[in-house]
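Step one of this worksheet: look at the structure below.
Numbers restart at 1 for each chain; the letters A, B, ... are given by sequence-line order, proteins then strands.
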There are 2 protein chains.
Amino acid sequence: MDYKIKSRIWIEADGDILLGEGRVSLLKAIDEEGSLTKAAKSLGMSYKKAWSLIDAVNKRAEKPVTTSSIGGKGGGGAQLTAYGKSLVEAFETINENCWEFLDEQIKNTKLK
Amino acid sequence: MDYKIKSRIWIEADGDILLGEGRVSLLKAIDEEGSLTKAAKSLGMSYKKAWSLIDAVNKRAEKPVTTSSIGGKGGGGAQLTAYGKSLVEAFETINENCWEFLDEQIKNTKLK
DNA sequence: TTTCGTTATATATTATCAAATATAACGAAA
DNA sequence: TTTCGTTATATTTGATAATATATAACGAAA
C-alpha cells in the first residue's frame, strides 16, 4: 500500500482551541526570540495574527502561558512561563506518540 | 485538568489528500442514498463540492471508490465499490482507535 | 525630555475559498 | 421522441479569512 496517514491534534478548553501545531510553533519561537514581534517575523506571520493567537492561548489556559512587558530597554518583550514550557513539551510528546501509533495502525490494515 | 484532546486524521496518496472525515461522511451518504445529488443534499453540501471531492478521491485511489451512471431510470446514480467500503471501514476504525489512544495519553500527562 | 523597539489595538484592503447559478449530456421508460 | 432526475462542468457571486497599514501607550536609558 502506498497510502500515508497523517494527523493533527489540538487541545481544547471549554470547547475552544487552546493549543495546536501553529500555536506551539509560535510559543517555541517566543521562547527563542524573547519577543512576539521577532517570533512572528521568524515564522513569516503578521504581528496581529501572532498577538491574537497568544491572547487566545492565555485567556483559555488555566495558568498564564506567556508574560510580556511594554517599554523600557529594548522596547519590551515576551517570554514563556514554566507552565507554558510544560504545555509545549506535553503537546509535542503526545503528537509524536500519535504519529507512531498511526503508522502502526495503517501498517496493520488490509484493504480489499 | 479540564483540557480535552482532539484530532483529525487523513490518508494521503502521493502527497495529496485521499480521504478525510468529510470525504468519508460523503462516501457513507452515497452508500445510503445511491445518488451523489441526494448525498450532497443530506449533508447540506453543494453538488459541486461533493462532485469535486469524489472526483479527487477516485483520481488518487489505487482502485475506483465509487461508480456512477448518467441517464436512465431515475436519472442515474452513484454507488460505493467494495474497495470503497473497505476504505471507509478502515478509516473509521483507525480514527476511533486514535481517539482512545489520545485520551489515554492526555490522562497520563502531568503539567506544572 | 527625547529616542527606541516593543506591546496592544483598530481599520481597511486584498486574497482565498465556498456557495449559488446555469447548462449540456445522458439513457431508460412512457 | 418527449420526459425525467441524474452526472458532469463552467462561470459568477458572496462570504470569510488573511494581510497590510496605521497609531497609541509604554518605560528604561541617554
Side-chain angles (χ1 to χ4, degrees), chain A residues 8 10 15-61 63-81 83-84, chain B residues 8 10 15-61 63-81 83-84:
Chain A
R8 295 218 101 156
W10 65 94
D16 295 314
I17 294 181
L18 168 66
L19 219 60
E21 282 186 19
R23 296 176 191 209
V24 165
S25 299
L26 182 56
L27 290 175
K28 288 170 74 179
I30 289 172
D31 197 37
E32 288 163 12
E33 304 283 354
S35 144
L36 185 50
T37 297
K38 288 179 187 160
K41 215 164 273 175
S42 79
L43 296 175
M45 181 186 293
S46 70
Y47 176 85
K48 179 198 166 76
K49 181 169 184 182
W51 183 86
S52 304
L53 290 173
I54 295 304
D55 186 54
V57 168
N58 281 313
K59 275 185 178 145
R60 288 161 194 169
K63 294 198 270 179
V65 173
T66 65
T67 56
S68 63
S69 59
I70 313 177
K73 181 185 172 188
Q79 298 81 31
L80 264 191
T81 63
Y83 182 69
Chain B
R8 296 218 101 157
W10 66 94
D16 295 315
I17 294 181
L18 169 66
L19 218 60
E21 283 185 19
R23 297 178 190 206
V24 164
S25 300
L26 182 56
L27 290 175
K28 288 170 75 178
I30 289 172
D31 196 37
E32 287 163 12
E33 304 283 354
S35 144
L36 186 49
T37 298
K38 288 178 187 162
K41 217 165 272 177
S42 80
L43 296 176
M45 181 186 292
S46 71
Y47 175 85
K48 181 200 165 76
K49 181 169 185 184
W51 183 87
S52 303
L53 289 174
I54 295 303
D55 185 54
V57 168
N58 281 311
K59 274 184 178 146
R60 288 162 193 169
K63 293 198 271 179
V65 173
T66 64
T67 55
S68 63
S69 60
I70 311 178
K73 181 185 172 187
Q79 298 80 31
L80 263 191
T81 63
Y83 182 69

(request) Please report, rounded to the nearest Å, how far the C1' atom of D:dA8 is from the NZ atom of B:Lys59. (result) 11 Å
(request) Examine distances only and state if a side-chain atom of A:Arg23 and a backbone atom of A:Ala56 form a donor-acceptor pair shorter than 3.5 Å. (result) no
(message) Measuring from atom CG of A:Leu36 to atom CD1 of A:Ile30, what distance do you get when rounded to the nearest 0.5 angstrom?
(response) 5.0 Å
(request) Identify the nucleotide, in any strand shown, that forms a Watson-Crick or G-U wobble pair with D:dT13, with both distances under 3.5 Å; if there is none, say none. (result) C:dA18
(message) Could you tell me how far apart B:Lys73 (NZ) and D:dT7 (P) are, to the nearest whole angstrom?
(response) 16 Å
(request) With a 3.5 angstrom cut-off on both distances, give the Watson-Crick or G-U wobble partner of C:dG27, or none if there isn't one. (result) D:dC4
(message) Does A:Lys38 reach a base, just sugar-phosphate, or nothing at all? Heavy atoms under 4.0 Å.
(response) sugar-phosphate
(message) Taking 4.0 Å as the cut-off, does a side-chain nitrogen or oxygen of B:Trp51 come that near to OP1 or OP2 on D:dT7?
(response) no
(message) Below the 4.0 Å mark, does C:dA8 have OP1 or OP2 next to a side-chain nitrogen or oxygen of A:Ser68?
(response) yes
(message) As an exercise, state the distance from CG of B:Leu53 to CD1 of B:Ile17, rounded to the nearest 0.5 Å.
(response) 10.0 Å
(request) Take atom CD1 of B:Ile54 and atom C1' of D:dT6, then tell me their distance rounded to the nearest Å. (result) 15 Å
(message) Counting the atoms with a prime plus P, OP1 and OP2 as sugar-phosphate, which does B:Ser35 contact under 4.0 Å by heavy atoms, base, sugar-phosphate, or nothing?
(response) sugar-phosphate
(request) Identify which one of A:Thr81, A:Thr66, A:Thr67 satisfies the side chain to side chain donor-acceptor pair (under 3.5 Å) criterion when paired with A:Asn58. (result) A:Thr66
(message) Please report the distance, rounded to the nearest Å, between CD1 in A:Ile30 and P in C:dA8.
(response) 10 Å
(request) Would you kindly give the NZ-to-P distance between A:Lys41 and D:dT19, to the nearest whole Å? (result) 15 Å
(request) Mind running side chain to side chain contact (heavy atoms under 4.5 Å, CB included) on B:Leu19 and B:Val65 for me, showing each step along the way? (result) CA-CA 11 Å; B:Leu19 218 60; B:Val65 173; 5.8 Å; no
(request) Mind calculating the distance between CE (A:Met45) and P (D:dA17) to the nearest angstrom? (result) 16 Å
(message) Pairing check on D:dT19: which nucleotide meets the Watson-Crick or G-U wobble criteria with it, both distances under 3.5 Å?
(response) C:dA12
(request) Between B:Gly76 and A:Lys49, name the one whose nearest nucleotide on DNA chain D is closer to the 5' end. (result) B:Gly76
(request) Starting from C1' on C:dA8, measure out to CG on A:Leu53 and report it in whole angstrom. (result) 15 Å
(message) Which nucleotide wins on minimum distance to the side chain of B:Lys48, given the candidates D:dT7, D:dC26, D:dT11?
(response) D:dT11
(request) Using whole Å, report how far CD1 of A:Ile70 lies from C1' of C:dT6. (result) 8 Å
